[in-house]
Chemist: 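Let me give you the structure first, and then I'll get to my questions.
Lettering of chains follows the sequences in order, A, B, ..., and the numbering in each one begins at 1. Below, all heavy atoms of this structure are taken into account, side chains as well, without hydrogens, waters or symmetry copies.
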Amino acid sequence: MNPNVREQILTIISEIPPGRVTSYGRIAAMTDGATARMVARALRDLPSGHGLPWFRVVTASRKLADHGGADEQRNRLMDEGVAFDARGRIAQDRFWP
DNA sequence: CGTTTGACGCGGC
DNA sequence: AGCCGCGCCAAAC
């Protein structure tokens, strides 16, 4: 993958404010040509110990993506005040522009 | 070099 | 309002 675009992806994620979330697709649209799948791949490839708020990235349907750390992600978000409804979805106004 | 594989998204139904 | 199928594209095989 183009390391330049990857850098953009990581930078955007690092700027998501606490208590807000954004989607894979939204992030992809802010970069120069990345797709939602590339954003997902970039997150998957993150080394442990990075400081990025990876847990603030959710799907376009306002649910958590299906991956191993989904449980931890839910806890992290709730710690920041992000509420989930009974179906595990997040309020739309929680999205970061 | 052809296929398969996903931390996804969207349009149809 | 969900489910399904297809598009997407870098990587792994």
Chemist: Have a look at A/Ala40 and say if it touches a base, only the backbone sugar-phosphate, or nothing, with a 4.0 Å heavy-atom cut-off.
Modeler: base

Chemist: State which residues pass salt bridge (Lys or Arg N to Asp or Glu O under 4.0 Å) with A/Glu15; sequence neighbours excluded, sorted by chain then number.
Modeler: none

Chemist: How about A/Leu10 and A/Leu46: do any of their side-chain heavy atoms sit closer than 4.5 Å?
Modeler: yes

Chemist: Of all the heavy-atom pairs spanning A/Phe84 and A/Gly88, show the shortest one and how long it is.
Modeler: CD2-O, 3.7 Å

Chemist: Please enumerate all residues that pass side-chain hydrogen bond (donor to acceptor under 3.5 Å, both in side chains) together with A/His50, with sequence neighbours excluded.
Modeler: none

Chemist: Of the non-hydrogen atoms in A/Pro53 and A/Ser14, which two are nearest, and what is the gap between them?
Modeler: CD-CA, 3.9 Å

Chemist: Of the residues in residues 70-91 of chain A, which ones touch DNA chain B at a heavy-atom distance under 4.0 Å?
Modeler: none

Chemist: Please list each protein N or O that sits under 3.5 Å from an N or O in nucleotides 7-9 of chain C, with the distance.
Modeler:
residue, atom, partner, partner atom, Å
C/dG7, O6, A/Arg37, NH2, 3.4
C/dC8, O2, A/Arg37, NE, 3.2

Chemist: Could you tell me which non-hydrogen atom of A/Ala36 sits nearest to which non-hydrogen atom of A/Ala28, and how far apart they are?
Modeler: N-CB, 3.6 Å

Chemist: Contacts to DNA chain B from residues 15-32 of chain A, heavy-atom cutoff under 4.0 Å, which residues?
Modeler: A/Ser23, A/Tyr24, A/Gly25

Chemist: Locate the shortest heavy-atom distance separating A/Ile13 from A/Ile27; write the atom from each residue and the value.
Modeler: CG1-CD1, 3.8 Å

Chemist: Below 4.0 angstrom, which residues in residues 55-62 of chain A have at least one non-hydrogen atom near DNA chain B?
Modeler: A/Thr59, A/Ala60

Chemist: I want to verify a distance call: between B/dG9, B/dA7, C/dA11, whose nearest atom is closest to the A/Trp54 side chain?
Modeler: B/dA7

Chemist: Any pair with a residue in residues 60-69 of chain A that passes side-chain hydrogen bond (donor to acceptor under 3.5 Å, both in side chains), sequence neighbours left out, goes on the list, sorted by first then second residue, please.
Modeler: A/Thr59-A/Ser61, A/His67-A/Gln73

Chemist: Find the distance A/Lys63:NZ to B/dG9:P and express it as a whole number of Å.
Modeler: 11 Å

Chemist: Just how far is it from atom CD1 of A/Ile12 to atom CD of A/Glu7, taken to the nearest 0.5 Å?
Modeler: 11.0 Å

Chemist: Specify the separation, in whole Å, of atom CG of A/Leu64 and atom P of B/dA7.
Modeler: 14 Å

Chemist: Whole-Å distance between B/dG6 P and A/Leu43 CG?
Modeler: 17 Å

Chemist: Without decimals, in angstroms, what is the distance between A/Arg44 CZ and B/dT5 P?
Modeler: 14 Å

Chemist: Can you see which heavy atom on A/Ile9 is nearest to which on A/Ala42, and at what distance?
Modeler: CG2-CB, 4.2 Å

Chemist: Could you list all the side-chain hydrogen bond (donor to acceptor under 3.5 Å, both in side chains) pairs where at least one residue sits in residues 20-32 of chain A, not counting sequence neighbours?
Modeler: none

Chemist: How would you list all residue pairs meeting salt bridge (Lys or Arg N to Asp or Glu O under 4.0 Å) that involve residues 84-97 of chain A, not counting sequence neighbours?
Modeler: none

Chemist: Going by salt bridge (Lys or Arg N to Asp or Glu O under 4.0 Å), name the residues that satisfy it together with A/Arg76, two or more places apart in sequence or in a different chain.
Modeler: A/Glu72

